[in-house]
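A short write-up of the structure that comes next.
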2 protein chains.
Amino acid sequence: MDIGNDTGRAADSVVAMLEAKIVSGELENQTPLPAERELMEQFGASRTVIREAISKLSSRGLIETRPRFRPIVRKPDYATVLHACGNVVQHLLTERSGIKNLYDSRVFIERALVREAAVAARKEDIVNLKTALEDNRQAIPDSQEFYRTDVAFHGVLYRIPRNPIFPTMHEGYTSWLAPQWDRMLRSPERNEVNYLAHKAILDAILERDPVAAEEALTNHLKAAWEFVRVTFDWGDE
Amino acid sequence: MDIGNDTGRAADSVVAMLEAKIVSGELENQTPLPAERELMEQFGASRTVIREAISKLSSRGLIETRPRFRPIVRKPDYATVLHACGNVVQHLLTERSGIKNLYDSRVFIERALVREAAVAARKEDIVNLKTALEDNRQAIPDSQEFYRTDVAFHGVLYRIPRNPIFPTMHEGYTSWLAPQWDRMLRSPERNEVNYLAHKAILDAILERDPVAAEEALTNHLKAAWEFVRVTFDWGDE
DNA sequence: GTGAAAGTTTGGTCATACCAAAGGTAACTC
DNA sequence: GAGTTACCTTTGGTATGACCAAACTTTCAC
């Protein structure tokens, strides 16, 4: 098991081999990687190379590293993609335009989602939506809890297409789009407003009216953006 | 300029500092990074640490590294996010379900895009679509060229919302969803079919008929998928 | 001025060493 | 004997210093 070509990056070979062992399951998921000194023997490479490989795997989300602990193998999944993006996305969000773009894309996606829901939601989806809405209603007095149920309600919409990519996107939106807004700018009054918005969306879905659903969703998210914008005294959009 | 805390990762401090210098522009975009031995002096760290930092920055897409050359500074943009995702996404595409999910999400997005186009396309968008379609028509005999114009036509749709996130997604779809399918499975006959599908989409947009546009787009992409599926003799979807 | 040759810089890799924290073990307390 | 504590070993984080080959510069010949 030696390292074939040498175009100036032995670490990449190690990365590739470890990558293969991870996806193949030879290195079991959630299991700590062998010690560095053992890997260097295994691959016939210096510790320098091994460490670089580990660093790269970490950046790619294939292993989880804590400061002084053994890296933990993590088989790549959709959340891994999110994790990999996160590092970079944060830079784009330092400018207002970046936040706006991300938020707009969310509105765009969710508009399509509620439209989809209105025409294609199954019985179970409807049940989930109703449950989520009820949880939402009951949480109105508790802003902390309301935030959670708010996210959960939208989350149901993302699960309707039964494509794991959408819940992943949802997770991205909620984790990147300044959760601090939502958590901090809440009050029972605003919670009530948002609950009613959710109810309007669900009502339109129950009516199987995609146009109304999309409109209700759009109003909901636009209003939320407007509230944030005004509160933080940002200029025009 | 020493390294403050020490929770077991001096490299991260260096990463953070370099990161700051990159986003602030102190390290100009498209400019080579200082030599490693210079950086170690600048940050008072060993070469080990400097190299690890460079590796991390590379993984995050903030610098571009070629085997034996100085890393080139690259201010993070939307393409950088794509780049960061790409490494991981590829793992999800080894399974058929991953490909299917990605393709379905593309269909979902484009459905929403053509709908948007039908109701909100501006004059310039229409012009761009017409031009792209005409290019597409003229390229029918040349499959290589047809592929290019095909991608370009869809690309116009992604630019209509004027949100850079969408063109980025488009780039992701075209680069991840097996370009080899599109490039290899083409023939003037199929090109003709696809051209007509594009024309149907544009016609619906010109009619300002979102329902018809969405339907035309859906048929187009579903047919393309079906063709690939049958050609590669995959089982049911 | 142009291209080749010689010299210098610099990235990639290795070997070695040290430290401090994590992990494990044996002794020790109650 | 369960729970501590003291101690020893392993192992990740970092620093040095060295060497090579490829990239970069300068020199020099024509």
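Fair warning: this is a prediction, and the values are worked out from it, not measured in the lab.
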**Message:** Please report the distance, rounded to the nearest Å, between CZ in A:Arg47 and P in D:dG13.
**Reply:** 8 Å
**Complete:** A:Asp12 CG to C:dG11 P, in whole Å, measures 17 Å
**Asked** In whole angstroms, how far is the P atom of D:dG13 from the CZ atom of B:Arg51?
**Response** 17 Å
**Asked** Any idea which of C:dC14, C:dG12, D:dT16 is nearest the B:Glu36 side chain?
**Response** C:dG12
**Prompt:** In whole angstroms, how far is the P atom of C:dG11 from the CE atom of B:Met40?
**Reply:** 12 Å
**Request:** With heavy atoms under 4.0 Å as the rule, sort B:Arg70 into base, sugar-phosphate or nothing.
**Result:** sugar-phosphate
**Request:** Please state how far atom CZ in B:Phe43 lies from atom P in D:dT14, giving the value in whole angstrom units.
**Result:** 15 Å
**Item:** Gap between atoms CZ and P, on A:Arg68 and C:dA21 respectively (whole Å)
**Value:** 7 Å
**Message:** I'd like to know if B:Arg111 pairs up with A:Glu116 as an ion pair, taking the criterion as any Lys NZ or Arg NE/NH1/NH2 lying under 4.0 Å from an Asp or Glu carboxylate oxygen.
**Reply:** yes
**Nearest listed nucleotide, side chain of B:Phe69, among C:dG23, D:dA23, C:dT13** = D:dA23
**Request:** Supply the atom-to-atom distance A:Glu52 CD to A:Thr48 OG1, rounded to the nearest 0.5 angstrom.
**Result:** 8.5 Å
**Request:** Nearest whole angstrom, please: distance from the C1' of D:dT16 to the CD of B:Glu41.
**Result:** 16 Å
**Message:** Need to verify one output field. Residue with the more 5' nearest nucleotide on DNA chain C, A:Arg37 or A:Glu52?
**Reply:** A:Glu52
**Request:** Whole angstrom is fine here: how far is it from CD1 in A:Ile50 over to P in D:dT11?
**Result:** 14 Å
**Asked** Is any NZ, NE, NH1 or NH2 atom of the basic residue among A:Asp135 and A:Arg148 found under 4.0 Å from an Asp or Glu carboxylate oxygen of the other?
**Response** no
**Request:** Mind telling me whether B:Phe146 and B:His198 have parallel, tilted or perpendicular rings, with 30° and 60° as the class edges?
**Result:** parallel
**Prompt:** D:dA15 base to B:Thr48 side chain: any donor-acceptor pair below 3.5 Å?
**Reply:** yes
